Number of protein chains: 2
Amino acid sequence: MSDDLTEMLAPEEKPEEKKDVTDLLLHDILTGTLPAGAWLKQIDLERRYDCTRPEVRRALDRLSQRRLVQHNPNRGYQVYELDDQRTREISDIRVILETGVADRMVANVTPAAIAELRGLARQFDEMSFRGSIMEHYDANLAFHRALLMLSGNSELVEVVAEIRQRTVSAPVSQWRTRARIEQSAREHHLMVDALEAGDLPELKRLIEIHIRQAPIKA
Amino acid sequence: MSDDLTEMLAPEEKPEEKKDVTDLLLHDILTGTLPAGAWLKQIDLERRYDCTRPEVRRALDRLSQRRLVQHNPNRGYQVYELDDQRTREISDIRVILETGVADRMVANVTPAAIAELRGLARQFDEMSFRGSIMEHYDANLAFHRALLMLSGNSELVEVVAEIRQRTVSAPVSQWRTRARIEQSAREHHLMVDALEAGDLPELKRLIEIHIRQAPIKA
DNA sequence: GTAACCAGAATTGGCGCCAATTTATGATAA
DNA sequence: TTATCATAAATTGGCGCCAATTCTGGTTAC
């Protein structure tokens, strides 16, 4: 009860401060609020997230370990600017991993899983109309997480999530085009269709197209 | 000249202190000096590596992010104890990734690359006789790095290196059996053979066997 | 004899200060 | 007018202190 009370009294103040600074910074990089190449001055971040210096530094160190921000010793940190080659390389890795477990996904699929995936795909659809960029991103993440979970390899789910975070800084802004979003939404449903039909080659084809964000071939 | 002088005067004192604490800790975890489940008390590490408290904490934070050590809030850090399932899952990921780029490795291979790989494989052989566990481990890493580099995907090389670090804490001690080491050495040469012959199916088979550390089938 | 409890010791983890390095600014000389 | 250097401002990054929490050992009550 006391918990409800505090939440009622300060509905957006207390919980905000308790959020991890790393996640907040990650959020702003992923949404493009902090664009690629931007300098991440410690004082600015300290004020922006209303936190202490060590917290900022821990967040910067963690994200530089994940290669999301670049560390220039004695000069500062800046949002990583990824070239086309690295983007392609990361996409290749995702294609190999996700098509590589497609057979297991087909093997392990159940009617309940199909229903869950359809629900998540529909949730993504709805986010196209209302919902922020980040909510949209999260909905997409939830769908793919559930899809990969069918492989039965939870470690792989984590690895793909990490790898995915390395490349989205630019593409998230590309998402703004409505055509691209609607195509992604359609692909989600097509993937569930292929999964339900047990059509392994088609599922692989769709996964590759979806990751590469290539125009879909009828 | 002054650089040479200092190196001459203190050949193993100064450079030792300048080494990153994270690498030192990683080293001790990988070699099994700090066994799985061991508690990593900050004071102990501070003395062991002759460094300051913040350095220790940064190393622990980094390795916990990589899921090499487990963080129990307000209780401490301990070397991650991985169960059989996770070990199998990680092996599966490596098999998918490394066999997934086997075709590119065959396509991109050159006589010079073959020669380099043969050299690295021979270096591994020699480490079987003389050389510490870690030197052996490094030689193995160098071979596989060069092999994967043939895929032309440098990002993948990094990813595999990271993933590999998640599972070796136990197997490194398994390496102590001479039979297993000699088999690995033989497999290295067989992989180069298959690569030279352009035998893709055989290369894939060898990679999978090698990663799974299964007894080789003639 | 066993279990619960309470103080003392030890460990973790948050926080700010200050030195070292780099960048910006302005003055001086060519 | 422009280049160069010196000085000042700002930023990074190393380090130690101290509060909060947890663990340990001994004592007391049942």
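Throughout, protein chains are lettered first and strands after them, A, B, ... in sequence-line order, and every chain is numbered starting at 1. Every value quoted in this text rests on a predicted model; they were computed, and no experiment measured them.
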Looking at the base of dG14(D), is there any donor atom on it, or on the side chain of R57(A), that sits under 3.5 Å from an acceptor on the other one?
yes
Among E116(B), E158(B), E98(B), exactly one meets salt bridge (Lys or Arg N to Asp or Glu O under 4.0 Å) together with R145(B). Which residue is that?
E158(B)
Report the distance from atom OH of Y77(A) to atom C1' of dT22(C), rounded to the nearest whole Å.
15 Å
Can you measure Q78(A) atom CD to dT11(D) atom C1' for me and round it to whole angstrom units?
15 Å
On the nucleotide dG14(D), are OP1 or OP2 found under 4.0 Å from the side-chain N or O atoms that T52(B) carries?
no
Inspect the contact between E208(B) and R212(B) and indicate whether a charged nitrogen and a carboxylate oxygen are less than 4.0 angstrom apart.
yes
Report the distance from atom CD1 of I43(B) to atom P of dC17(D), rounded to the nearest whole Å.
13 Å
Take the protein atom CD of E46(B) and the nucleotide atom C1' of dG16(D), then report the distance between them rounded to whole Å.
10 Å
Hydrogens and angles aside, do Y77(B) and D61(B) bring a side-chain donor and acceptor to less than 3.5 Å of each other?
no
When you match N74(A) and R53(A) each to their closest nucleotide on DNA chain C, which lands nearer the 5' end?
R53(A)
Taking the cut-offs as 6.0 angstrom to the six-membered ring centre and 45 degrees off its axis, would you call R86(A) and Y80(A) a cation-pi pair?
yes
Nucleotide of dG16(D), dG14(C), dC15(C) approaching E55(A) most closely (side-chain heavy atoms)
dC15(C)
K41(A) atom NZ is separated from dA24(C) atom P, nearest whole Å, by 9 Å
Between H71(A) (NE2) and dG14(D) (P), how many Å, whole number?
8 Å
dG16(D) P sits how many Å from Q42(B) CD, rounded?
14 Å
For atom CG of D20(B) and atom P of dG13(D), their distance in whole Å
14 Å
Tell me which of R75(B) and P73(A) sits closer to the 5' end of DNA chain C, going by the nucleotide each one is nearest to.
R75(B)
